[in-house]
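Report on the structure given below.
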Amino acid sequence: ILFENDVNLAAIGEQRFGIAKGEPSFAFLLIDTGIGMGLMVNGNVWRGVKGAAGEAGYLPIGEGPLTGRAAKVGSFELHAGSRAFLSRFRSATGKSRATVNTVLNLAMQGDEKALDSIHDEAELVSRAVLSTVALLDPAFVVLGGEIGSHQLVADAVRSRMQSIAPYPVDVRISTLGER
């Protein structure tokens, strides 16, 4: 029996059965309702001294001071989680009932506002990926979650990484999804 948080289990799953099969060192970045990271180092989950390694939602990415809600839930999560993703789209379009799936489907159909939302999200995610590779130098970063594992988001992150990273960064999409 293994007790672990959801993102660490996702990283373990990807390492055993998914896109990271057999790779001892990589990062799994979940972009969904919440944001988190599972870090695999030398074949094991890296938990850190206090068990807080991978709390990527607290990365200081986004706008404004690190106070209030940004301090409570984390700046990156506040600005890039699904609530913020939807808020940006809803504000731009007035479509107050749009879901993440709606925005992603509209983007696939070429909707300009939906594509703008994807690119805004990719900018934030790219900063997290760059922070991860600059500090940990993993073999690659796996993107997961409803937003992170979407092809358009991953492609936009890959494209952005080409212009901001000092060396090539391998960004992959989770093959296990909700599994």
Might you point out which heavy atoms bring [X] and [Y] nearest each other, and give the distance in Å?
X	Y	answer
P60	L66	CB-CD1, 3.9 Å
P166	L130	CD-CD1, 4.1 Å
I173	S149	CG2-O, 3.3 Å
L86	T99	CD2-C, 3.3 Å
P138	A27	CB-N, 4.0 Å
A156	I118	CB-CG2, 4.4 Å

- From the list V129, T132, I164, side-chain contact (heavy atoms from CB on, under 4.5 Å) partner of V169 resolves to V129
- Message: Taking side-chain contact (heavy atoms from CB on, under 4.5 Å) as the criterion, tell me which of T33, D120, L104, V153 meets it with F85.
- Response: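 By the side-chain contact (heavy atoms from CB on, under 4.5 Å) criterion, F85 pairs with just one of T33, D120, L104, V153: L104.
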Atom [atom1] of [X] and atom [atom2] of [Y]: how far apart are they, to the nearest 0.5 Å?
X	Y	atom1	atom2	value
L152	E121	CG	CD	12.5 Å
R47	N8	CZ	CG	6.0 Å
I35	I61	CD1	CD1	8.5 Å
K72	E77	NZ	CD	12.0 Å
S174	L29	OG	CG	11.5 Å
I12	N44	CD1	CG	9.0 Å

- Task: Could you give me the CA-CA distance, side-chain angles and deciding distance for V100 and S82, then say whether side chain to side chain contact (heavy atoms under 4.5 Å, CB included) is met?
- Result: CA-CA 7 Å; V100 169; S82 62; 3.7 Å; yes
- Are E14 and K21 within salt-bridge range, i.e. N to O under 4.0 Å? no
[Y] backbone acceptor or donor facing [X] side chain under 3.5 Å:
X	Y	value
Q109	D111	no
H79	L124	no
Y58	A70	no
S91	R88	no
Q15	E23	yes
E146	D32	no
S75	A71	no

- So which pairs with a foot in residues 86-107 pass ring pair (Phe, Tyr, Trp, His ring centres under 6.0 Å), sequence neighbours left out? none
- Query: In chain order, what residues pass the ring pair (Phe, Tyr, Trp, His ring centres under 6.0 Å) check against F26, with sequence neighbours excluded?
  - Reply: F140
Answer with yes or no whether the hydrophobic clustering places [X] together with [Y]; edges join I, L, V, M, F, W, Y residues whose side-chain heavy atoms lie under 4.5 Å apart.
X	Y	answer
F17	L143	no
L59	I147	yes
V103	V125	yes
I19	V171	no
M37	L78	no

- Query: Do Y167 and D137 touch side chain to side chain, with heavy atoms closer than 4.5 Å?
  - Reply: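 Yes, close enough: below the 4.5 Å cut-off.
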- Message: Quick check: do D170 and V141 have side-chain heavy atoms less than 4.5 Å from each other?
- Response: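 Result no, sub-4.5 Å side-chain heavy-atom pair not found.
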- Go through the steps for V157 and M161 under the test side chain to side chain contact (heavy atoms under 4.5 Å, CB included), then give the verdict. CA-CA 6 Å; V157 169; M161 292 309 297; 4.1 Å; yes
- Task: Would you kindly say whether Q151 and D155 are connected by a side-chain donor-acceptor distance under 3.5 Å?
- Result: yes
- How about R90 and T93: does a side-chain donor come under 3.5 Å of a side-chain acceptor?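 Distance-only check fails for R90 and T93.
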- Crowding at CZ, R127 (>12 non-hydrogen neighbours, <6.0 Å):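 Atom CZ in R127 is not crowded, with 12 or fewer foreign heavy atoms closer than 6.0 Å.
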- Task: Test side chain to side chain contact (heavy atoms under 4.5 Å, CB included) on L136 and L39 and set out the steps.
- Result: CA-CA 9 Å; L136 300 172; L39 301 167; 3.4 Å; yes
